Amino acid sequence: MHDNNVPYGTPGTQAMAANAKPGIVDTATQMNDALVKMTGLLLALEKRLAMLEKASMLRVTISSAQARAVQKAVVDRAKSLCDDNELAYEQFGAYVRGAIWRAFRAEYAVPTAYDLPEVQYASALETVRCWHSFAFMRKLRRAVR
């Protein structure tokens, strides 16, 4: 509750409050206090809603077709890397695919492609298509020698 002896609001509202009846000032003060509280509640609600929307977006996972596209991208990238490094895909493809999948799981913190959040699908596909590890490929080339 607002103390009527303490000035409240802007100088213009203070002058109006000085000429107003005491009951009107108390009612206006109560309404103002209620509006301030409601504004705080609305801001907190908006923040919570944004947090829940973000959490729900991360829970929706990619479709089976999208997961198969990621798997195909891994195979295609492994074949491309084997060709670029003059390695036989039949002999070294499993090692390269394994390295790509380890990097994929580490970056996106998912056990399989099926668990990838839908909002990260495009990024994950691009990551797989661009994946390269010079150290790993050097290690494979040395194994051939």
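A quick note: this is a predicted structure, and the numbers were derived from the prediction, not measured.
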Report the distance from atom [atom1] of [X] to atom [atom2] of [Y], rounding to the nearest 0.5 Å.
{"X": "D115", "Y": "Y108", "atom1": "CG", "atom2": "OH", "result": "14.5 Å"}
{"X": "I100", "Y": "T127", "atom1": "CD1", "atom2": "OG1", "result": "11.5 Å"}
{"X": "E107", "Y": "R102", "atom1": "CD", "atom2": "CZ", "result": "15.0 Å"}
{"X": "T112", "Y": "Q71", "atom1": "OG1", "atom2": "CD", "result": "8.5 Å"}
{"X": "S63", "Y": "R68", "atom1": "OG", "atom2": "CZ", "result": "7.5 Å"}

Worksheet item: Which of parallel (below 30°), tilted (30 to 60°) and perpendicular (above 60°) describes F104 and W101?
Response: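 Aromatic pair F104/W101 classed perpendicular.
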So which heavy atom on [X] is nearest to which on [Y], and how close?
{"X": "A69", "Y": "L125", "answer": "O-CD1, 3.9 Å"}
{"X": "P117", "Y": "V110", "answer": "CD-CG1, 4.3 Å"}
{"X": "A78", "Y": "R97", "answer": "CB-CG, 3.6 Å"}
{"X": "A113", "Y": "V70", "answer": "CB-CG1, 4.1 Å"}
{"X": "L116", "Y": "A124", "answer": "CD2-CB, 3.5 Å"}
{"X": "H132", "Y": "F134", "answer": "CE1-CD2, 3.3 Å"}

Item to complete: Considering only NZ, NE, NH1 and NH2 on the basic side and carboxylate oxygens on the acidic side, decide whether D33 and K37 come within less than 4.0 Å.
Response: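 Salt bridge: no.
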Worksheet item: Just by modelled atom types, is the A88 backbone N or O under 3.5 Å from a matching donor or acceptor in the Q91 side chain?
Response: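 Not a single qualifying donor-acceptor pair exists.
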Practice prompt. Please confirm whether the backbone N or O of W131 pairs with a side-chain atom of R77, one donor and one acceptor, at under 3.5 Å?
Written response: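 Yes: the side chain of R77 pairs with the backbone of W131.
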Worksheet item: Within a reach of under 6.0 Å around CE of M31, are more than 12 heavy atoms found that belong to other residues, nucleotides or ligands?
Response: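 No, not enclosed.
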Worksheet entry | OH (Y89) with more than 12 external heavy atoms under 6.0 Å |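 Yes, the 6.0 Å shell around OH holds more than 12 heavy atoms from other groups.
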Flag side-chain contact, heavy atom, 4.5 Å: [X] against [Y]:
{"X": "F136", "Y": "V96", "value": "yes"}
{"X": "R141", "Y": "R138", "value": "yes"}
{"X": "S133", "Y": "M137", "value": "no"}

Item to complete: Given side chain to side chain donor-acceptor pair (under 3.5 Å), test D83 with S80 step by step and report yes or no.
Response: CA-CA 5 Å; D83 289 344; S80 172; over 6 Å; no
Worksheet item: If you group Ile, Leu, Val, Met, Phe, Trp and Tyr by side-chain heavy-atom gaps below 4.5 Å, do Y114 and Y121 land in one group?
Response: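 Different hydrophobic clusters.
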Worksheet item: When hydrophobic residues are tied together by side-chain contacts of less than 4.5 Å, even through go-betweens, does V75 share a cluster with V128?
Response: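 Different clusters: V75 never reaches V128 through Ile, Leu, Val, Met, Phe, Trp or Tyr contacts under 4.5 Å.
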Item to complete: Carefully, step by step, assess V144 and F92 under the rule side chain to side chain contact (heavy atoms under 4.5 Å, CB included).
Response: CA-CA 10 Å; V144 173; F92 295 101; 3.3 Å; yes
Practice prompt. Show the numbers, then the answer: is there a side chain to side chain contact (heavy atoms under 4.5 Å, CB included) between L140 and N85?
Written response: CA-CA 9 Å; L140 284 182; N85 290 280; over 6 Å; no
Item to complete: From the options L42, L49, L43, select the one residue that forms a side chain to side chain contact (heavy atoms under 4.5 Å, CB included) with E46.
Response: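 Checked L42, L49, L43 against E46; only one passes side chain to side chain contact (heavy atoms under 4.5 Å, CB included): L43.
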